[in-house]
Amino acid sequence: MDCGVAKIILLFISLIFWVAGAALAYVGHYVIKSFGSFENLIENKSNLIPAAIIIGISAVMFVVGIVGCCSTLRESKCGLSCFFLIIMLIFAAEVTALVFSFIYRSKINGQFESPIRESLSKYNGEKNSETEAVDSMQTLLKCCGVKNYSDWTNTTYFSRNKTLPLSCCKNSSSPQCNGKPDQPDQFNTEGCEPKLEKFIQDVLTYAMLVVVAFAIIKFFGMVSVCAIFCKSRRSGYEPLYA
């Protein structure tokens, strides 16, 4: 790789580090927020490790962008060495986050059935964490019950009220939907377990794609630093700033 091209690539990478940091911070926040919407239904909090790693990476990328830009312009061996080391560490952290995301994504199937059933059994229609979690899930995902809406007929809430929660309705504000189970056309009949699994998988897939994109950019950054060092050694050029 030509030294001039390598410098341009490094400057470009340094400049987009700020954008990358902001983007990764958003991705990490989005993953945590998505998991937080179903906090009472997700038992294993270690699933947030990939998001925590992503946010940690974004926190240092703003400073790294400044270091990379200054080191490239001055062709500082010390600065470029530090820049290379930092890029390599961030690259390793992104690969780690990617591996954690891939592992967790493959273990999602069947993980939510038990906590969803438990939440349905505790549902009482009043303002509490369990009720709000279930209503929020059914409204957001447009689902009802665990496997389908008939799961509600085995709950204490149904035994007492003989109705399904209004969050099961396709349109909860419609007067036609009163929660009676004899109106299946008024309900979101698909269960919440498969929809929640797909939602979490989609969130992790989105996060993985973003991390892969930035990891590729950092890989080219490392190659560019190596190219500058190799060019300097072949030409016998010593930069002004060591």
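All figures in this text were calculated on a predicted structure; none of them were measured in a lab. Counting begins at 1 with the first residue of the sequence.
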* Not counting sequence neighbours, which residues clear salt bridge (Lys or Arg N to Asp or Glu O under 4.0 Å) with Lys147? List them please. => Glu113, Glu193

* Structure fact -> Sequence neighbours excluded, the answer for side chain to side chain contact (heavy atoms under 4.5 Å, CB included) partners of Ser167 is Asp135, Gln138, Thr139, Pro165

* Asked: Who passes side chain to side chain contact (heavy atoms under 4.5 Å, CB included) against Leu89, sequence neighbours left out?
  -> Leu85

* To do: Give a yes/no on whether the SG-to-SG distance for Cys144 versus Cys192 is below 2.5 Å.
  => no

N/O donor-acceptor pair under 3.5 Å between [X] side chain and [Y] backbone:
X	Y	value
Lys142	Asn188	no
Lys195	Leu141	yes
Thr131	Lys127	no
Asn161	Thr163	no
Ser136	Ala133	no

* Worked verdict on Met137 versus Ile116 for side chain to side chain contact (heavy atoms under 4.5 Å, CB included) -> CA-CA 10 Å; Met137 173 183 66; Ile116 292 177; 4.2 Å; yes

* Structure fact -> Closest heavy-atom pair, Leu166 versus Asn178, reported as atoms and distance to 0.1 Å, is CD2-C, 4.0 Å

* Structure fact -> Shortest non-hydrogen pair, Gly145 vs Trp152, comes out as N-NE1, 3.3 Å

* Asked: Does Leu209 share a hydrophobic cluster with Phe199, counting links as ILVMFWY side-chain heavy atoms below 4.5 Å and allowing steps through other members?
  -> no

* Determine whether Val95 and Phe84 fall in the same hydrophobic cluster, where Ile, Leu, Val, Met, Phe, Trp and Tyr are linked whenever their side-chain heavy atoms lie under 4.5 Å apart. => yes

* **NZ/Lys198: more than 12 non-hydrogen atoms of other groups inside 6.0 Å** => no

* **pair Pro181-Leu164: side-chain heavy atoms closer than 4.5 Å** => yes

* So how far is it from Phe187 CZ to Asn171 CG, rounded to the nearest 0.5 Å? -> 12.5 Å

* Which value, rounded to the nearest 0.5 Å, describes the distance between Cys143 atom SG and Glu190 atom CD? -> 8.0 Å

* **Pairs meeting criterion salt bridge (Lys or Arg N to Asp or Glu O under 4.0 Å) with involvement of residues 150-160, two or more places apart** => Arg117-Asp151

* Structure fact -> Contacts of Tyr206 meeting ring pair (Phe, Tyr, Trp, His ring centres under 6.0 Å) (sequence neighbours excluded), chain-then-number -> Tyr30

* Structure fact -> Here the ring pair (Phe, Tyr, Trp, His ring centres under 6.0 Å) pairs for residues 157-179, sequence neighbours left out, are Tyr123-Tyr157

* Asked: Is a side-chain donor-acceptor pair under 3.5 Å present for Asn148 with Ser150?
  -> yes

